[in-house]
Peer 1: 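This is the structure I want to talk about, given as structure tokens.
Just so we're on the same page: letters track the sequence lines, and every chain starts at 1. These figures come from a predicted structure and were not determined experimentally.
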There are 2 protein chains.
Amino acid sequence: MSKYRDDQIKQFAEIFKALSNPNRLRMFLHLVTCCVPGTVGSFDAKDGVSACVGDLGRDLDIVPSTVSHHIKELHRAGLIRMERRGQKIECWVDPVILRGLARFFDEPLT
Amino acid sequence: MSKYRDDQIKQFAEIFKALSNPNRLRMFLHLVTCCVPGTVGSFDAKDGVSACVGDLGRDLDIVPSTVSHHIKELHRAGLIRMERRGQKIECWVDPVILRGLARFFDEPLT
DNA sequence: TCGATATTTCGACATATATCGAAATATATG
DNA sequence: CATATATTTCGATATATGTCGAAATATCGA
């Protein structure tokens, strides 16, 4: 019936769960609107196009430990990638996942 | 920062919450893959391209009352539309919402 | 090494969710 | 009307989630 396997459906459900919290969705949008490398998979291009945990929590009125928890959820769902840079931990959206999501909703329309 | 207003973000979060349950996601995919009218908004085209509550619960191993609950969630989120036809209640995906979701993930990539 | 900054871990708690079964409601048909 | 089919409502329950605050860990700079 569906073009997706059962494990893929579960994975998409996990992704949507990660985006189902308004604060987490705001963090994701923060990253997606300012941080996705133009060149998919290009690692060097990441410089200056990611945000650290503190940045993501700013303007959100939640305590750092909660921000950390949310970021862990986004990461667990596979939506974002993370890497330590000195004191800070930088995050950026995984371009492959983003493309998968675009296809998920675009294909039934085409 | 984000191109979306606060109430739009909350609405998208509601939509993703509705899609965060595997069974609900399967129902949505069932509808989306066999039931979206080719002509957006065309009401007559809906004939034969929707599914009733019983259809959506089949192959899902959940009891009818649970199916009903899930459908109510999909409807509350604005993802599907419903209409009584005799004994059955037919459901189909709202094409406008589907397009909005496609744009949500597609725009940051373009 | 000490203090400042950034982040995570842990435990707690209130709220939300998924699911069931039983009973109620709506519709069609004999 | 009586019965069958389709769906919803309701109450219960077990589990998950969002958030906080306190304490722990990691890194940098003086």
Peer 1: I'd like to check the side-chain contact (heavy atoms from CB on, under 4.5 Å) partners of A/Gln8; sequence neighbours left out, ordered by chain and number.
Peer 2: A/Tyr4, A/Arg5
Peer 1: Can you measure A/Asn23 atom CG to D/dT17 atom C1' for me and round it to whole angstrom units?
Peer 2: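 Distance, rounded to whole Å: 13 Å.
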Peer 1: With sequence neighbours excluded, what pairs up with A/Asn23 under the side-chain hydrogen bond (donor to acceptor under 3.5 Å, both in side chains) test?
Peer 2: A/Arg26
Peer 1: Using a 4.0 Å cut-off on heavy atoms, which residues in residues 69-77 of chain B reach DNA chain D? List them by number, or say none.
Peer 2: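 Output list: B/Lys72.
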Peer 1: In whole Å, what is the span from the NZ atom of B/Lys88 to the P atom of D/dA4?
Peer 2: 18 Å
Peer 1: Treating primed atoms plus P, OP1 and OP2 as sugar-phosphate and everything else as base, which nucleotides of nucleotides 21-26 of chain C get B, S or - for protein heavy atoms under 4.0 Å?
Peer 2: BB---S
Peer 1: For residues 12-21 of chain B, which residues have at least one heavy atom under 4.0 Å from DNA chain C?
Peer 2: B/Lys17, B/Asn21
Peer 1: Using side-chain hydrogen bond (donor to acceptor under 3.5 Å, both in side chains) as the criterion, list what pairs up with A/Lys10, not counting sequence neighbours.
Peer 2: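 Scan of A/Lys10 (side-chain hydrogen bond (donor to acceptor under 3.5 Å, both in side chains), adjacent residues dropped) gives A/Asp6.
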Peer 1: When the distance from CD of B/Glu90 to P of C/dT27 is rounded to whole Å, what number comes out?
Peer 2: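 Whole-Å distance recorded here is 14 Å.
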Peer 1: Taking all non-hydrogen atoms of both residues, which atom of A/Leu25 and which atom of B/Ala13 are closest, and how far apart?
Peer 2: CD2-N, 3.6 Å
Peer 1: To the nearest Å, give me how far apart CG (A/Asp61) and P (D/dG21) are.
Peer 2: 12 Å
Peer 1: Looking only at heavy atoms, which two atoms of A/Ile80 and A/His75 are closest? And how far apart?
Peer 2: O-CD2, 3.2 Å
Peer 1: Name all residues meeting the salt bridge (charged side-chain N to carboxylate O under 4.0 Å, His left out) criterion together with A/Arg76; count only those two or more places apart in sequence or in a different chain, and write none if there are none.
Peer 2: A/Glu73
Peer 1: Applying side-chain contact (heavy atoms from CB on, under 4.5 Å), can you list everything that pairs with A/Arg58, at least two apart in sequence or on another chain?
Peer 2: A/Asp55
Peer 1: Round to the nearest Å and state the distance from B/Glu83 atom CD to D/dA6 atom C1'.
Peer 2: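 Those two atoms, CD and C1', are 16 Å apart.
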Peer 1: Should D/dA23 form a Watson-Crick or G-U wobble pair with both distances under 3.5 Å, which nucleotide is its partner?
Peer 2: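 Pairing partner: C/dT8.
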Peer 1: Assess whether a salt bridge exists between A/Arg85 and A/Glu83, defined as any Lys/Arg side-chain N lying under 4.0 Å from an Asp/Glu carboxylate O.
Peer 2: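 Salt bridge present between A/Arg85 and A/Glu83.
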Peer 1: Has B/Arg85 got a side-chain N or O lying under 4.0 Å from the OP1 or OP2 atom of C/dT27?
Peer 2: no
Peer 1: Can you name the ring-ring contact (aromatic ring centres under 6.0 Å, His included) partners of A/Phe16, sequence neighbours left out?
Peer 2: A/Phe104, A/Phe105, B/Phe16
Peer 1: Who passes salt bridge (charged side-chain N to carboxylate O under 4.0 Å, His left out) against B/Lys88, sequence neighbours left out?
Peer 2: none
Peer 1: Applying side-chain hydrogen bond (donor to acceptor under 3.5 Å, both in side chains), name anything that partners A/Glu107, two or more places apart in sequence or on another chain.
Peer 2: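 Once residues adjacent in sequence are excluded, the partners of A/Glu107 under the side-chain hydrogen bond (donor to acceptor under 3.5 Å, both in side chains) criterion are A/Lys3.
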